[in-house]
2 protein chains.
Amino acid sequence: MARLPADQRRAALVQAALVVIARDGVHGATTRAIVAEAHMSLASFHYAYRSRDELIREVISFVVDQQEAVSRAALVASDDLWSTVRSALQAYFELLTEYPEREQAMFELMHYSMRSPELGTLPAVQHGSYLTAARALLEVGATAVGVAWTLPIDDLARILVALTDGLTYAWLADRDDGAAGRLMDHIADTVAGFAVTSTGTAADAAPRKEARR
Amino acid sequence: MARLPADQRRAALVQAALVVIARDGVHGATTRAIVAEAHMSLASFHYAYRSRDELIREVISFVVDQQEAVSRAALVASDDLWSTVRSALQAYFELLTEYPEREQAMFELMHYSMRSPELGTLPAVQHGSYLTAARALLEVGATAVGVAWTLPIDDLARILVALTDGLTYAWLADRDDGAAGRLMDHIADTVAGFAVTSTGTAADAAPRKEARR
DNA sequence: GTCTATAAAGTGATAGAC
DNA sequence: GTCTATCACTTTATAGAC
């Protein structure tokens with residue numbers, strides 16, 4: 001194996017670990033499986049990392065940071081609020097259906113952190129980053145369409161995250177695309193239902209609302 | 001160790017496994033840890049079960065069945081729909097805060113099943129039982145108060161389950177009781193918002209709705 | 001820095017005495 | 001039916017040659 005600077009080797013191991021975790025779960029992400037994925041020897045692993053836990057810790061930190069960056073880039077405001085939310089959800093859902101193992105890996109990493117006394121603080125950070133991303137989406141959507149929220153944006157962000165987590169969990173369990181679509185419609189309804197036009201009072205920023213049912 | 005009929009020994013091992021999984025996670029639920037919890041020898045385990053996986057499979061079946069029974073018993077209709085939903089959520093939430101490890105164990109068991117080709121069908125079953133429980137709650141609540149739903153009850157059940165999963169997940173991550181309470185208020189709002197009085201047309205079965213915000 | 005070889009401990013499962 | 005003792009294997013981590 002070529003000689004690599006330590007930090008570059010560490011980065012390669014983090015990437016390999018992500019692949020293995022997505023494929024085999026956190027449980028299957030042994031040091032041997034990871035170094036095989038990275039085409040390294042077992043000793044090289046312990047040259048770069050003191051222990052397996054130290055690597056897993058860095059994997060979690062990495063996905064938290066990355067998560068924040070990705071969701072920030074996914075914000076593209078449509079012409080109306082409902083469509084903005086709905087298409088953002090659709091984009092996420094398509095990512096989910098294309099790489100289900102990846103989303104499942106996120107859940108598993110979170111549960112792993114919760115079990116580790118040393119990593120116990122990371123789930124709150126990870127969830128906080130989801131809330132931050134949701135708030136950013138809501139802010140962009142609101143200013144783009146010119147509406148305000150009828151409840152604290154932190155509360156609305158939490159509702160949005162809860163619904164999205166539930167959507168992910170349900171789809172991972174039963175893979176029902178149709179039900180997922182109807183659930184996403186409802187999520188857009190919910191968000192749009194909390195909007196009022198800045199000037200007027202009613203919430204006609206949502207073209208779809210709960211009609212057609 | 002006393003001589004036990006096989007099925008009784010199997011039941012004891014399932015219970016012990018649940019304790020260990022709640023305490024140490026699915027990963028920590030080794031055969032040795034489980035028999036220690038059950039005060040048995042390692043050989044007794046393999047006398048009752050062919051393999052560890054066979055036990056885990058039965059553990060999952062057990063929690064799915066139990067889950068269905070528990071939620072069926074928790075249905076006590078209040079005077080109005082909003083309160084019925086809200087108090088059912090509160091009861092669940094208090095269970096969650098008292099035994100967080102138990103709820104986390106449910107999630108972990110589900111993820112474990114998803115990774116196992118042999119157990120791959122169980123997550124859909126487990127999720128289906130959640131949906132069934134939610135539908136039962138909605139039916140009891142509706143008939144007790146005399147309302148009908150403005151969308152298919154299966155869709156509403158899915159919304160309810162998604163929100164509850166999201167509630168659980170968020171609280172496990174950040175342990176924010178206040179935010180959880182506000183989220184439960186919103187869930188009750190959502191459900192009540194889909195109700196219409198059987199005679200009239202408006203949905204004044206909900207005393208709280210989205211007001212006071 | 002990178003490798004092979006190996007230590008030390010843990011795992012699921014089984015043999016065989018009682 | 002229940003036990004102790006042990007097999008065969010995998011795990012993380014390290015020693016030491018190069």
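A quick note: this is a predicted structure, and the numbers were derived from the prediction, not measured. Chain naming here is simple, since letters A, B, ... match the order of the sequence lines and numbering starts at 1 in each.
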* Is there a donor and acceptor pair, one atom on the side chain of B:Arg32 and one on the base of C:dG12, closer than 3.5 Å? -> yes
* Structure fact -> Atom CZ of B:Phe45 and atom P of D:dG1 are separated, to the nearest Å, by 18 Å
* Asked: Can you check the B:Leu42 CG to C:dG16 P distance for me, whole Å?
  -> 17 Å
* Asked: Just checking, A:Arg9 and A:Tyr47: is the charged tip under 6.0 Å from the six-membered ring centre and within 45° of the axis?
  -> no
* To do: Measure the distance from CE on A:Met40 to P on D:dA13 and round it to the nearest whole Å.
  => 16 Å
* Asked: Using a cut-off of less than 4.0 Å, is there contact between a side-chain N or O of B:Thr31 and OP1 or OP2 of C:dG12?
  -> yes
* Separation of atom OH in A:Tyr47 from atom P in C:dG1, rounded to whole Å -> 5 Å
* Asked: Between D:dT11 atom C1' and A:Leu55 atom CG, what is the distance in whole Å?
  -> 15 Å
* Structure fact -> Atom NE2 of A:His39 and atom C1' of C:dC3 are separated, to the nearest Å, by 17 Å
* Asked: Parallel under 30°, tilted from 30 to 60°, perpendicular over 60°: which one fits the rings of A:Tyr169 and B:Phe107?
  -> perpendicular
* For D:dT2, does OP1 or OP2 lie under 4.0 Å from any side-chain N or O of B:Ser44? -> no
* **Whole-Å distance separating the CD1 atom of B:Ile34 from the P atom of C:dG10** => 17 Å
* **5' priority, DNA chain D, between A:Ala43 and A:Thr30 [closest heavy atom]** => A:Thr30
* Asked: After noting the C-alpha distance and the side-chain angles of A:Ser83 and A:Asp80, does the key distance pass the side-chain hydrogen bond (donor to acceptor under 3.5 Å, both in side chains) rule?
  -> CA-CA 6 Å; A:Ser83 305; A:Asp80 66 276; 2.7 Å; yes
* Asked: Distance only, no hydrogens: is a donor on one side chain within 3.5 Å (strictly under) of an acceptor on the other, for B:Ser44 and B:Ser41?
  -> yes
* **Rounded distance in Å - NE2 (A:His46) to C1' (C:dT6)** => 13 Å
* Residues A:Asp155 and A:Trp149: side-chain donor-acceptor under 3.5 angstrom -> no
* To do: Would you mind telling me which of C:dG12, C:dT2, D:dT2 lies closest to the side-chain atoms of B:Arg52?
  => C:dG12
* Using a cut-off of less than 4.0 Å, is there contact between a side-chain N or O of A:Arg9 and OP1 or OP2 of C:dT2? -> yes
